[in-house]
Amino acid sequence: MRLYMDGEWFDAVPPGSTYEAEFESLVQQHSASLFPGFLSARFDPLFRTPLGDVKPDLVLVDKEYRSWFIVEVELSTHPVTRHVKPQMEKITAARSTAAHADWLADRSAQWDRSRLRRLMLDAPHGTVLLANAPTPHWDDALRTLPGVIRGVVEVYRSNHNRTILRVNGSQPQAPGATVSGLTPGDGYFSNAYKIDLPSSLPMDLEHIDVLSGGEPVRYRVKQIGGDRYLFPTPSSNLPNRAVRLMVDDAGVHRIEE
């Protein structure tokens, strides 16, 4: 296949003629366009898993610290049973620690260390397998890993050595309008909502204005032990059911059932 753009023809780069490091560099260079809504970075600290040690390639973190993905970059010419599948099994089984968050935060000022730590401790990662060509020949071997998101980024190059990328396959999705689930507190905290995903709000946030039942309500944000709560001001009884904290494009927060 050839692509035409800005007066130039671009030819597909044969998958086997690209070094993995070169492909990974291209993905990272264009990550803001490839993965809108996410912060990204190289991510190759050691993870120890029951299946063996593994070092992934990249990380994607929702800009509001609500979800995150570990990305493995592979050439479509790599053997699936001897290399790709074992690597993906280890990455899927990996469990992050505060040290993995610190590994990222130590290398770039783009990260909010405290929110990144909470996210990586509280929320399991998604797993993305990114190849440089379609890989139907991997389907049977990867059938036991249905949760892996399989994306494709194909490289095209012109006679003037300009490069463009063609994206297909599946892509990770940001959580959209959902900020976090809210669970009714109990005991002393029965007049508060527990924030299911503490990293979803800035860690220094003291209060938040929310539309609840169509009416504006100010909630105090309090850290109690390892949990974060929303307390309505003035204090009032809350419905004893789980709800969701949402936000629209204008930044207005609301509570929905």
Side-chain angles (χ1 to χ4, degrees), residues 37-39 41 43 45 47-48 59-70 93-126 172-257:
F38 290 95
L39 302 171
F43 188 56
F47 283 83
R48 299 194 180 278
V59 68
L60 301 173
V61 177
D62 166 61
K63 289 181 179 180
E64 296 302 325
Y65 294 88
R66 297 167 296 175
S67 64
W68 67 293
F69 298 84
I70 294 177
R95 296 294 177 264
S96 56
T97 67
H100 292 106
D102 289 340
W103 188 97
L104 277 170
D106 288 344
R107 286 161 172 78
S108 174
Q110 76 170 324
W111 304 107
D112 182 320
R113 185 187 298 269
S114 58
R115 293 179 79 181
L116 188 64
R117 275 187 160 211
R118 285 305 305 255
L119 177 65
M120 288 191 165
L121 289 173
D122 294 340
H125 67 274
Q173 300 296 318
T178 301
V179 177
S180 175
L182 301 176
T183 303
D186 53 20
Y188 290 112
F189 309 123
S190 59
N191 63 332
Y193 286 121
K194 180 182 174 183
I195 303 172
D196 295 345
L197 189 61
S199 61
S200 62
L201 295 175
M203 302 308 287
D204 59 354
L205 187 67
E206 295 182 353
H207 66 263
I208 184 172
D209 294 317
V210 178
L211 290 177
S212 180
E215 298 295 326
V217 179
R218 172 160 288 192
Y219 287 84
R220 289 181 297 121
V221 184
K222 295 194 67 174
Q223 179 85 31
I224 301 175
D227 298 318
R228 298 181 82 190
Y229 290 86
L230 297 181
F231 288 85
T233 54
S235 181
S236 61
N237 293 325
L238 299 176
N240 189 28
R241 56 183 178 273
V243 294
R244 292 180 299 161
L245 180 63
M246 313 291 288
V247 64
D248 63 21
D249 292 339
V252 176
H253 290 87
R254 66 187 186 278
I255 287 177
E256 290 186 358
E257 296 190 15

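Residues Leu39 and Tyr65 have side chains in contact (heavy-atom distance under 4.5 Å, counting atoms from C-beta outward). Side-chain atoms of Leu245 and Tyr219, non-hydrogen and from C-beta on, never get closer than 4.5 Å to each other. Residues Ile224 and Phe231 meet the side-chain proximity criterion, which asks for heavy atoms closer than 4.5 Å. Looking at His207 and Thr233, their side chains never come closer than 4.5 Å, going by heavy atoms from C-beta outward. Contact annotation: the side chain of Asp209 approaches that of Arg218 to within less than 4.5 Å [non-hydrogen atoms, C-beta and beyond]. Using a 4.5 Å cut-off on side-chain heavy atoms (C-beta onward), Asp248 and Arg254 make contact. Gln110 has its side chain out of reach of Leu104: every pair of non-hydrogen atoms, C-beta onward, lies at least 4.5 Å apart.
Each of Asp112, Asp122, Asp102 was scored for a side-chain hydrogen bond (donor to acceptor under 3.5 Å, both in side chains) with Arg117, with one residue passing: Asp102.
Summarising the local packing, CG of Asn240 is surrounded by 12 or fewer heavy atoms from other residues, nucleotides or ligands at distances under 6.0 Å. Heavy-atom contacts from other residues, nucleotides or ligands closer than 6.0 Å to CG of Asn237 number 12 or fewer.
Nearest heavy-atom pair across Leu197 and Ser180 is N-OG, 3.0 Å. Taking every heavy atom of both residues into account, Pro198 and Met203 meet most closely at O-SD, 4.0 Å. The two residues Phe47 and Ser96 have their closest heavy-atom pair at CE2-CA, 3.9 Å. For the pair Phe43 and His100, the tightest heavy-atom approach, listed with the atom from each and the gap, is CE1-O, 3.8 Å. Minimum interatomic distance between Leu121 and Ala98 (heavy atoms only, all atoms of both residues): CD2-N, 3.7 Å. Here the closest non-hydrogen pair linking Pro239 and Pro184 is O-CG, 3.9 Å.
Remark: the backbone N or O of Trp103 is paired with a side-chain donor or acceptor of Arg107 at under 3.5 angstrom. Distance alone, capped at 3.5 Å, places no donor-acceptor pair between the Arg228 side chain and the Ile195 backbone. Judged by distance alone, the side chain of Gln223 and the main-chain N or O of Gly225 form a donor-acceptor pair under 3.5 Å. Using modelled atom types, one side-chain atom of Trp68 and one backbone atom of Ala123 make a donor-acceptor pair closer than 3.5 Å. Between the side chain of Arg95 and the backbone N or O of Ala93, at least one donor-acceptor pair lies under 3.5 Å.
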Exercise for the section: Evaluate the criterion side-chain contact (heavy atoms from CB on, under 4.5 Å) for residue pair Val179 and Met246; output intermediate values, then yes/no. Expected result: CA-CA 5 Å; Val179 177; Met246 313 291 288; 5.7 Å; no

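The distance from atom CZ of Arg115 to atom CG of Leu201, rounded to the nearest 0.5 Å, is 7.0 Å. For the atom pair CG of Leu230 and CZ of Phe189, the computed distance is 13.0 Å after rounding to the nearest 0.5 Å.
Among residue pairs with one or both ends in residues 184-205, those qualifying as side chain to side chain donor-acceptor pair (under 3.5 Å) are Thr183-Asp196, Asn191-Ser235; sequence neighbours excluded.
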